[in-house]
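Presented below is the structure to which this report refers.
Numbering of ligands and ligand atoms starts at 1, following listing order.
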Amino acid sequence: MKHFINLKDISATDLRKILLDAKKRKLKRKKLNTLDIDKDSPLKGKLLIQMFEKSSLRTRLSFYLAIKQLGGGALTLRPDELHLEKGGESLADTAKVLSTYGNGFMLRTDSDYKLDEFKKYLRIPIINGLSPLSHPTQVLSDIFTVEEIKKKPISKLNICWIGDSNNVLNSLIAASVKFSFSLNIGCPKKYEPKKFMIDWVYKNKKKINIFNDAKKAATNADVIFSDKVVSLNDKVNKTKKIKDFKNFKIDSKLMSVAKKNAIFLHCLPRGSEVSDDVFLGRQSKVWQQALNRIYVQKSILLYCFGKLR
Ligand code: CP
Ligand code: NVA
């Protein structure tokens with residue numbers, strides 16, 4: 001059994017194995033319906049329990065479909081309906097009970113500490129479905145989408161992020177080290193990645209490039225990523241933060257400095273950081289990106305359950 005909490009903690013070999021498995025499984029499903037089960041039904045009889053402390057559309061649905069397609073089932077808990085939320089039951093006891101009923105636990109949480117606490121007491125794998133510090137399932141799936149569209153390893157591409165230094169970017173930085181790709185980050189000075197992330201990159205003898213100018217960051221990019229300026233439960237002055245990012249909007253002018261065949265990706269939900277014509281335009285691959293979460297998360301589940309071939 002393996003946990004999936006942070007890309008930083010998973011070996012590059014295992015991450016690559018997950019992507020390969022996802023590719024094979026996706027190919028085999030060409031003629032199948034959404035709820036048809038993969039022929040080998042590798043997680044038959046297994047239950048994934050998921051819990052969301054923050055809103056979710058894509059992560060909720062894609063994990064539901066992922067476990068279903070592998071032959072198992074999913075149960076979604078609302079934290080406000082548990083004793084845990086009201087303080088009537090400890091996290092340790094909750095974790096032990098989850099381990100007796102379920103086979104895996106997917107948690108979207110407002111606290112990274114909680115992920116570690118659950119990990120301590122669970123006897124089943126835990127998957128991070130977004131925390132304040134990272135969004136690993138999203139980013140691994142995005143690597144899959146990039147390679148699927150570009151038909152080459154991500155290490156041969158120029159990747160650019162325009163936006164806030166948030167959980168998704170932290171995972172993208174971790175991925176840039178694990179998959180050895182070049183990463184340009186464009187953001188206002190005040191919103192640069194935290195020191196602990198940059199230190200970790202240097203400790204691993206890799207480099208990321210930070211620009212306080214969107215055009216410089218996007219020049220010659222093969223892929224431009226973005227995300228909402230204000231994240232879920234971001235405790236900031238929203239109007240001020242959005243104003244601080246006014247020169248970092250992804251519009252057709254910014255896209256024009258990237259390579260001609262550059263693509264635009266966004267994990268969704270979106271805000272005003274991207275213009276409609278880019279988001280809905282020919283370079284945008286956001287719907288394919290959202291759909292691929294199912295395929296990659298299936299292989300993440302298999303990795304966690306020790307069933308990845
Ligand atoms: N991208 C993503 O995680 O979407 P949700 O918040 O809808 O799950
Ligand atoms: N950075 C965003 C991602 C949403 C999927 C957030 O945390 O709200």
Would you mind telling me if ligand 2 is within reach of the side chain of [X], the backbone, both or neither, using heavy atoms under 4.0 Å?
X	value
Thr59	neither
Leu232	both
Asp164	neither

- [ ] Give me the ring orientation class for Phe264 and His266: parallel if the planes are under 30° apart, tilted from 30 to 60°, perpendicular past 60°.
- [x] tilted
- [ ] Please state whether the rings of Phe4 and Tyr303 are parallel, tilted or perpendicular, taking 30° and 60° as the class boundaries.
- [x] perpendicular
- [ ] Could you list the atoms of ligand 2 found under 4.0 angstrom from a heavy atom of Asn166?
- [x]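 It comes down to these atoms of ligand 2: 1 (N).
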- [ ] Enumerate the atoms of ligand 2 whose separation from the nearest heavy atom of Leu268 is less than 4.0 angstrom.
- [x] 5 (C)
Open item on the list: Is the positively charged end of Arg78 above the ring of Phe52, judged by distance under 6.0 angstrom from the centroid and angle within 45° of the axis?
Closed with: no
Open item on the list: Tell me whether the NZ or CZ atom of Arg25 lies within the 45° cone about the ring axis of Tyr295 and under 6.0 Å from its centre.
Closed with: no
Say whether [X], considering both its backbone and side-chain N or O atoms, lies within less than 3.5 Å of an N or O atom on ligand 2.
X	answer
Lys54	no
Asp227	yes
Ser231	yes

Open item on the list: When you measure from the side chain of Asn204 to the backbone of Lys206, do you find a donor-acceptor pair of N or O atoms at a distance under 3.5 Å?
Closed with: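 The answer is no, because no donor-acceptor pair under 3.5 Å joins these two groups.
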Going by the order shown, which atoms of ligand 1 are within less than 4.0 Å of some heavy atom of [X]?
X	value
His135	2 (C), 3 (O)
Gln138	1 (N), 2 (C), 3 (O)
Cys267	1 (N)

Answer yes if the side chains of [X] and [Y] hold a donor-acceptor pair under 3.5 Å, and no otherwise.
X	Y	answer
Asp21	Ser299	yes
Thr109	Glu53	yes
Glu192	Asn212	yes

Open item on the list: Among Ser62, Ala290, Ser56, which one puts a heavy atom closest to atom 8 (O) of ligand 1?
Closed with: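 Going through Ser62, Ala290, Ser56 one by one, Ser56 has the nearest heavy atom to atom 8 (O) of ligand 1.
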TODO: Run the ring-centre check on Phe248 versus Tyr191 and record whether the distance is less than 6.0 Å.
DONE: no
Tell me, which protein residue and heavy-atom name are nearest [atom], and how many Å apart are they?
atom	result
atom 4 (C) of ligand 2	Leu130 CD1, 3.8 Å
atom 7 (O) of ligand 1	Leu57 N, 2.6 Å
atom 6 (O) of ligand 1	Arg108 NH1, 2.8 Å
atom 7 (O) of ligand 2	Asn167 ND2, 2.8 Å
atom 4 (O) of ligand 1	Arg58 NE, 2.8 Å
atom 2 (C) of ligand 1	Arg293 NH1, 3.3 Å

- [ ] State which residue, out of Lys194, Lys228, Lys241, Lys238, fulfils the salt bridge (Lys or Arg N to Asp or Glu O under 4.0 Å) condition with Asp164.
- [x]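 Exactly one option meets the salt bridge (Lys or Arg N to Asp or Glu O under 4.0 Å) with Asp164, and it is Lys241.
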- [ ] Mind checking whether Leu268 contacts ligand 1 via backbone (N, CA, C, O), side chain (CB onward), both or neither, at a 4.0 Å heavy-atom cut-off?
- [x]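 The answer is the backbone of Leu268.
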Open item on the list: Does only the side chain of Lys54 get under 4.0 Å from ligand 1, or the backbone, or both, or neither? Count heavy atoms.
Closed with: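 Contact part for Lys54 vs ligand 1: neither.
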Task: Full working for side chain to side chain donor-acceptor pair (under 3.5 Å) between Asn292 and Ser141 - done: CA-CA 6 Å; Asn292 276 338; Ser141 168; 5.8 Å; no
Task: Leu232-ligand 1 polar pair, N/O distance under 3.5 Å - done: no
TODO: Could you say whether the N/O atoms of Pro269 and ligand 1 ever approach to under 3.5 Å?
DONE: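 For ligand 1, there is no N or O atom that lies under 3.5 Å from one belonging to Pro269.
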Task: Spacing of CD1 belonging to Ile49 relative to CD1 belonging to Ile124, to within rounding of 0.5 Å - done: 5.5 Å
- [ ] Please assess Lys28 against Asp38 for the test salt bridge (charged side-chain N to carboxylate O under 4.0 Å, His left out), listing each intermediate value before the final yes or no.
- [x] CA-CA 8 Å; Lys28 282 192 190 152; Asp38 285 4; over 6 Å; no
